[in-house]
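Below, chain A is the first sequence line, B the second, and so on; all start at residue 1.
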2 protein chains.
Amino acid sequence: MTFDATSAKKFLESYNPRDYPSIALTVDLVVFAVTDGVLNVALVRRGGHPFKDALALPGGFVGPEESAIQAAGRELAEETTLDLGRLPVHLEQLATYTSPDRDPRMRVVSVAHLALLASDGTSLPKIAAGSDAASAGWYPVHDVLRGKEMAFDHATILGDGLARLAGKMEYTTVAARLLPEEFTLTQLRTVYDAVWETTMAAGNFTRKMTPRLHDTGRKSRGGAGGAPAALFTATDLHIHPPLTKPQAPGSPVTPE
Amino acid sequence: MTFDATSAKKFLESYNPRDYPSIALTVDLVVFAVTDGVLNVALVRRGGHPFKDALALPGGFVGPEESAIQAAGRELAEETTLDLGRLPVHLEQLATYTSPDRDPRMRVVSVAHLALLASDGTSLPKIAAGSDAASAGWYPVHDVLRGKEMAFDHATILGDGLARLAGKMEYTTVAARLLPEEFTLTQLRTVYDAVWETTMAAGNFTRKMTPRLHDTGRKSRGGAGGAPAALFTATDLHIHPPLTKPQAPGSPVTPE
DNA sequence: CAGATTTATCGTCAATCTGACAACAACCTC
DNA sequence: GAGGTTGTTGTCAGATTGACGATAAATCTG
């Protein structure tokens, strides 16, 4: 039925690289960490054109002999000076952005990744600017998204990253990857509140979360002046049934 | 700490395409459709090496001026001879597979997509083999996955596609995209059973699903010999709280 | 055409889960 | 040690769940 075998329909047997303009394969990183009840993202300020001085996600090229996730891990290690491999940093593929004109210079296909850094909640890991970046730092995610002035399509990528994290926290214990290996229920609840922009009831949160975690038996050395809290460890158990993010006001549950 | 700015760390300002081996950008398609209570996937049998005669996902190259999802839509239209654009075919990006040696010939980065075709449940859309494929046809997904003998990493991709669909059906009405625009609750339940390999109770399914759908007021002309069923239309409402897939036996909910 | 059969939908019931909130115990600061 | 703060457990009414039975509406069989 389709005789017009367009050049794009040919397969590798007849593929000649010179038929196609070359493609740059990069990774972009959405790196999250929580401090003081706020979800932060690592951003760099661009030093060169295009989008000079605009905020952008950190990233870099995928080397000829590495996969995208390996490249993401390498970039993350270079940027955070973190002894990656010791801390269980969560790193997963997010999505790939392929619009032909997303970079005005040439065709850049970017595989975005989501990275979650552990934090005790009071300080953020140091990060270093990459080679094309003037500076690097942490920015409150929800503020950045409301301001929405980022280089390339990075605002979209950041939004997708947040949505992925928020969604996955409903049926997983990923939120624990934003905390030290041992943590209290209040710390975990703080992470949920930071990401979801909610204020969850402490009692009910404890009731629903406890069976999914492993109680170490130890107690936190009272930090803030209250009763000592039990220290938990995350299991890789899926939460079933899911913890549901409170319905956003205005979206009816049962339209009649 | 890292002074050795590796070539891969350089940014576009200093990027020279000839520094990198060229990359082929392709799309792979995981196309699903349901008949007779079975979830099927469209596969082609490869005509050339490597993996000659093995089953593979349909796919093709991304053209120089199209995005990955556009390429996926084009390939889907070419393959199904379907008047895409009329039927609301669900098409979404799944994940990107970038392992350097996933294709022995050269570096092929593939953006996999998930496509859901509407079907009345009794027949499947015709599909045509692509240029490098000897034949194309529908195969039962769960059987194929159990057999697990596919070209390249396509078994992984197919598994990921199934997991995406199964997961999304918990909190969305995507399952309706595998049915005609108007459908009965039993048809919808059949889709759930086909994908999840479950047997859901009809009464409870009706109770939970009804408020998420739009009742057209019309009734199905009794096809199989029973009471006529109400015809529904899908809304894009998220299901809240989610419909939970029954726990797989052997995975305890509350380990104590 | 009169059952028998199949199918869709609604109803019931006990068990569980949920959200709201109170009660209590353990710790810090002054 | 008094007072404030924090973590955990308990209570209670309302909603949700899974299992299953009842009813109504159509087709199939003879």
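A:H142 contributes no side-chain N or O that, together with a main-chain N or O of A:V38, makes up a donor-acceptor pair within less than 3.5 Å.
Atoms NZ (A:K245) and P (C:dT18) sit 18 Å apart, rounded to a whole Å. With rounding to whole Å, A:F205 atom CZ is found 14 Å from D:dT9 atom P. Atom CG in A:L231 sits roughly 12 Å away from atom C1' in D:dG7 (whole-Å rounding). For the pair B:I239 CD1 and D:dT16 P, the computed distance is 14 Å after rounding to whole Å. Atom CG in A:L185 sits roughly 13 Å away from atom C1' in D:dT6 (whole-Å rounding). Rounding to whole angstrom units, CZ of residue A:F232 and C1' of D:dG7 are separated by 10 Å. Protein atom CZ of A:R218 is 18 Å distant from nucleotide atom C1' of D:dG7, rounded to whole Å. Atom-to-atom, NZ of B:K208 to P of C:dA8 comes out at 19 Å; the value is rounded to the nearest Å.
Residue A:A201 is classed as having no contact, given no heavy-atom separation below 4.0 Å to the nucleic acid. Nucleic acid contact for B:T184: none, since no nucleic acid atom lies under 4.0 Å from a heavy atom of the residue.
Residue A:K219 has no polar side-chain atom (N or O) positioned under 4.0 Å from OP1 or OP2 of C:dA26.
Judged by distance alone with a 3.5 Å cut-off, no donor-acceptor contact links the side chain of B:R207 to the base of C:dG11.
Ring-plane geometry between B:W196 and B:Y192 is classed as perpendicular, the angle between the planes exceeding 60 degrees on a 0 to 90 degree scale with a lower cut at 30.
When distances are taken from the side chain of A:N204 to each of C:dG19, D:dT8, D:dG18, the shortest belongs to C:dG19. Counting only heavy atoms from C-beta on, A:T206 has its side chain closest to D:dT9 among D:dT9, D:dA26, C:dT9. The side chain of A:P241 sits closest to C:dT18 out of C:dT18, C:dA8, D:dT8.
Here the options are A:D193, A:L185, A:V191, the test is side-chain contact (heavy atoms from CB on, under 4.5 Å), and the partner is A:R189; only A:D193 passes.
Ionic pairing of A:E170 and A:R164 is not present here: no N-O contact between side-chain nitrogen and carboxylate oxygen is shorter than 4.0 angstrom.
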Practice prompt. Let me see the working for B:V144 and B:L158 under side-chain contact (heavy atoms from CB on, under 4.5 Å), right down to the final yes or no.
Written response: CA-CA 9 Å; B:V144 171; B:L158 176 57; 3.8 Å; yes
